[in-house]
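Each remark here refers to the structure printed beneath this line.
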Amino acid sequence: MIEKVLIANRGEIALRVIRTCNALGIKTVAVYSDEDYNSLHVKKADESYHIGEAAPAKSYLNQEKILDVMLSSGTDAVHPGYGFLSENDDFARLCEKNKINFIGPSADSMNLCGDKMECKAAMLKAKVPTVPGSPGLVKDADEAEKIANDIGYPVLLKSVYGGGGRGIRLVTNDKELREGFETVTSESISAVGKSAIIVEKFLEKTRHIEYQMCRDHHGNAVHLFERECSIQRRNQKLIEQTPSPVVDASKREEIGELVVRAAEAVDYTNLGTAEFLRADNGEFYFIEINARLQVEHPISEMVSGLDFVKLQIDIANGEPLPFKQKDLKMNGYAIECRINAEDTFLDFAPSTGPVPDVTIPAGPNVRCDTYLYSGCTVSPFYDSLMAKLCTWGPTFEESRTRMLTALNDMYVQGVETSIPLYKTILNSEEYKKGELSTDFLKRYDMINRLTEDLKKEKEEKSEAALAAAIIHSEYFKSRVQNSDANSTSWKHKLD
Ligand code: ADP
Ligand code: ADP
Ligand code: MG
């Protein structure tokens with residue numbers, strides 16, 4: 001049984017894992033870089049160990065160093081969070097070798113999931129539909145060009161080792177394909193030291209719909225419903241919601257069955273996510289498996305009533321799933337906004353630095369997972385995600401309006417945030433009607449609409465301030481006149 005967990009991560013996800021461990025009476029060990037000396041996860045864990053310099057390669061990606069800490073602190077399990085080492089099968093194998101319980105899938109399964117080509121091949125075998133494309137890796141630009149002409153432009157060049165929206169290039173003709181091939185190759189080499197490329201048909205006006213999958217060590221598998229993550233920038237998610245407006249109960253079951261099959265096909269254990277694209281004609285195509293806890297897992301927790309980290313720990317302990325598919329009910333509607341430290345108007349460039357003051361939203365059915373506190377710093381070394389703001393409601397509309405209230409409540413001093421953009425999106429008719437697609441921002445000209453909204457807001461604010469000033473001056477005038485009449489201390493009364 002797991003008694004002491006090292007969290008090989010930082011930020012909000014490290015705090016998220018520590019909370020569940022606390023609730024379960026499991027001891028926690030944090031690790032931190034030079035940059036994170038004052039971070040909350042360091043203060044909240046039972047023990048904390050410094051592991052190196054700010055650059056991830058020197059700390060959060062340093063497998064040997066993290067293993068040293070686990071062995072010397074008597075840790076029996078590791079939770080990798082997301083990002084960093086979470087999908088690194090070498091690390092999972094290193095843990096297996098050292099009898100540390102890696103809270104996630106086996107190293108072999110992770111290795112298979114981490115290779116988009118191998119994984120697609122396994123899905124084809126299991127009769128899970130995948131996006132049409134090259135039958136295998138393309139060895140050079142010539143071969144890629146031939147395939148692109150066969151399946152027809154536009155196509156995507158994808159590094160099989162890509163992730164987090166990186167290593168993907170849309171090309172619409174032979175010339176772009178040749179340039180794109182070079183870029184994806186060099187990006188992939190600089191990110192992971194190797195490159196392998198597949199060609200995929202680019203599906204237009206698609207929705208990103210993913211399923212939470214869950215499988216124990218005894219072969220029991222379920223899905224924990226879908227999440228729609230179509231609102232993205234640069235192929236990275238910004239806003240997620242569950243249920244998806246285009247998935248009804250029978251579709252949920254139909255795709256859910258595919259998902260269980262997908263988990264079995266790669267012998268997946270623990271929690272993971274099967275990502276699909278839904279074409280405009282309603283067809284679903286598998287794209288990849290994320291072999292870890294997903295950033296957006298809180299919205300699925302909200303509609304399922306489960307604690308996913310607890311579920312992960314139970315599965316890692318070898319316990320059988322405590323439910324069957326038919327026991328699981330989806331309740332209500334949940335939305336997540338990823339509050340990023342970035343400047344929407346500078347092409348989402350990171351915005352970093354000290355945060356002297358923050359206000360974290362609260363209220364019924366509002367959840368905010370964050371590392372922020374007044375006086376903290378947003379570091380340029382790590383991901384721009386500062387907080388995950390989630391709301392729940394018995395109807396979609398209640399969840400949406402609650403989110404707008406929460407977005408209005410939230411305040412992060414010192415850095416630019418994606419909050420204003422989210423208000424524009426959540427107020428738009430297209431969002432309200434669920435007309436979502438992965439090109440939502442461009443399709444509906446959201447950045448220009450944000451500019452308009454900000455202008456309007458400024459005007460309204462100055463009008464309101466002017467109105468308040470006039471009322472005040474009338475009030476003062478009347479007080480002054482009264483005081484002239486009976487010359488008592490009107491000023492004192494005002495105080
Ligand atoms: P999803 O989990 O929905 O696929 P992402 O792909 O955006 O969403 O999440 C994984 C990405 O998160 C990684 O590729 C990395 O850029 C980023 N990331 C890694 N570590 C952290 C961290 N500790 N906190 C926030 N973001 C991180
Ligand atoms: P990553 O590993 O970076 O998450 P994915 O393969 O999951 O890469 O794709 C990320 C995003 O890129 C998707 O959510 C979608 O917006 C877009 N995308 C990926 N494949 C396709 C495709 N074949 N056609 C259209 N869009 C795609
Ligand atoms: Mg993905």
Side-chain angles (χ1 to χ4, degrees), residues 82-84 86-88 110 112-124 128-135 137-138 144 147-148 151-172 177 180 183-184 187-188 191-192 195-213 226-241 244 246 259 262 272-281 283-297 336 338 348 383 385 436-443:
Y82 52 75
F84 296 131
S86 64
E87 293 180 278
N88 186 315
M110 185 183 282
L112 181 53
C113 296
D115 187 319
K116 285 184 208 265
M117 189 63 238
E118 294 287 332
C119 193
K120 267 180 93 170
M123 291 309 137
L124 282 175
V128 176
T130 63
V131 183
S134 53
L137 299 177
V138 290
I147 290 165
I151 58 179
Y153 285 107
V155 300
L156 285 182
L157 301 176
K158 267 193 195 178
S159 162
V160 298
Y161 310 118
R166 271 145 289 190
I168 298 183
R169 194 101 179 169
L170 171 64
V171 296
T172 60
L177 179 136
T183 331
V184 174
E187 273 175 10
S188 184
V192 292
S195 171
I197 292 176
I198 55 173
V199 178
E200 241 174 41
K201 177 86 190 152
F202 177 71
L203 302 172
E204 300 190 52
K205 204 168 178 222
T206 50
R207 291 168 175 261
H208 175 118
I209 298 177
E210 60 185 30
Y211 274 71
Q212 185 71 51
M213 48 183 213
E226 82 283 0
R227 295 181 286 259
E228 170 142 10
C229 317
S230 297
I231 299 193
Q232 307 182 344
R233 56 129 174 71
R234 293 196 215 111
N235 300 321
Q236 281 180 297
K237 301 156 185 170
L238 294 176
I239 301 177
E240 300 98 340
Q241 66 191 66
S244 159
V246 293
V259 169
T273 297
E275 295 190 328
F276 293 83
L277 291 179
R278 178 194 178 273
D280 210 21
N281 64 7
E283 293 295 324
F284 276 70
Y285 298 98
F286 170 91
I287 46 173
E288 66 162 345
I289 288 176
N290 290 148
R292 55 175 156 84
L293 188 65
Q294 202 94 347
V295 173
E296 58 274 28
H297 76 275
E336 171 182 271
R338 296 190 187 197
F348 306 99
D383 201 84
L385 182 79
L436 311 179
S437 53
T438 55
D439 62 353
F440 184 92
L441 293 193
K442 279 209 187 82
R443 179 176 296 269

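Just follow the structure's listing: the first ligand is 1, and inside any ligand the first atom is 1.
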Does any donor atom in the side chain of T273 or E210 lie under 3.5 Å from an acceptor atom in the other side chain? no
State whether a side-chain donor-acceptor pair under 3.5 Å links S244 with R278.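 No.
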When every non-hydrogen atom of L177 is compared with those of A144, the smallest separation belongs to CD1-O, 3.8 Å
For atom CZ of R233, is the number of surrounding heavy atoms from other residues, nucleotides or ligands below 6.0 Å larger than 12?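 Correct, the count exceeds 12.
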Shortest-distance N, O or S atom of E275 relative to the Mg ion (ligand 3):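 Checking each N, O and S atom of E275, the shortest distance to the Mg ion (ligand 3) belongs to OE1.
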Looking only at N, O or S atoms in E288, which is nearest to the Mg ion (ligand 3)? OE2
Of the choices V131, L170, I168, which has the non-hydrogen atom that lies closest to atom 10 (C) of ligand 2? I168
May I ask which of Q232, E288, E210 has a heavy atom nearer to atom 4 (O) of ligand 2 than the others do? E288
Per-atom contacts of ligand 2 with [X], taking only distances under 4.0 Å to non-hydrogen atoms:
X: H208; value: 13 (C), 14 (O)
X: K158; value: 6 (O), 19 (C), 20 (N)
X: K116; value: 1 (P), 2 (O), 5 (P), 6 (O), 8 (O)
X: G162; value: 2 (O)
X: F202; value: 24 (N), 25 (C), 26 (N)

Looking only at distances, please establish whether an N/O atom of ligand 2 is found under 3.5 Å from an N/O atom of E200.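 By distance alone, the answer is yes.
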Test your reading of the structure: does L203 have an N or O sitting under 3.5 Å from an N or O of ligand 2?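 Indeed, backbone or side chain, L203 has an N or O that close.
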Examine E210 and say whether one of its N/O/S atoms is closer to the Mg ion (ligand 3) than 2.8 Å.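 No, outside the cut-off.
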Using a 4.0 Å heavy-atom cut-off, say whether [X] meets ligand 2 through its side chain, its backbone, both or neither.
X: K201; result: backbone
X: L156; result: side chain
X: E204; result: neither

So, [X] and [Y], do they make that salt bridge, N to O below 4.0 Å?
X: R207; Y: E228; value: yes
X: K158; Y: E288; value: no
X: K120; Y: E200; value: yes

If we only count heavy atoms from C-beta on, is the K237 to E336 side-chain gap below 4.5 Å? no
When you look at E240 and H208, which way does the side chain to side chain contact (heavy atoms under 4.5 Å, CB included) test go after all the steps? CA-CA 10 Å; E240 300 98 340; H208 175 118; over 6 Å; no
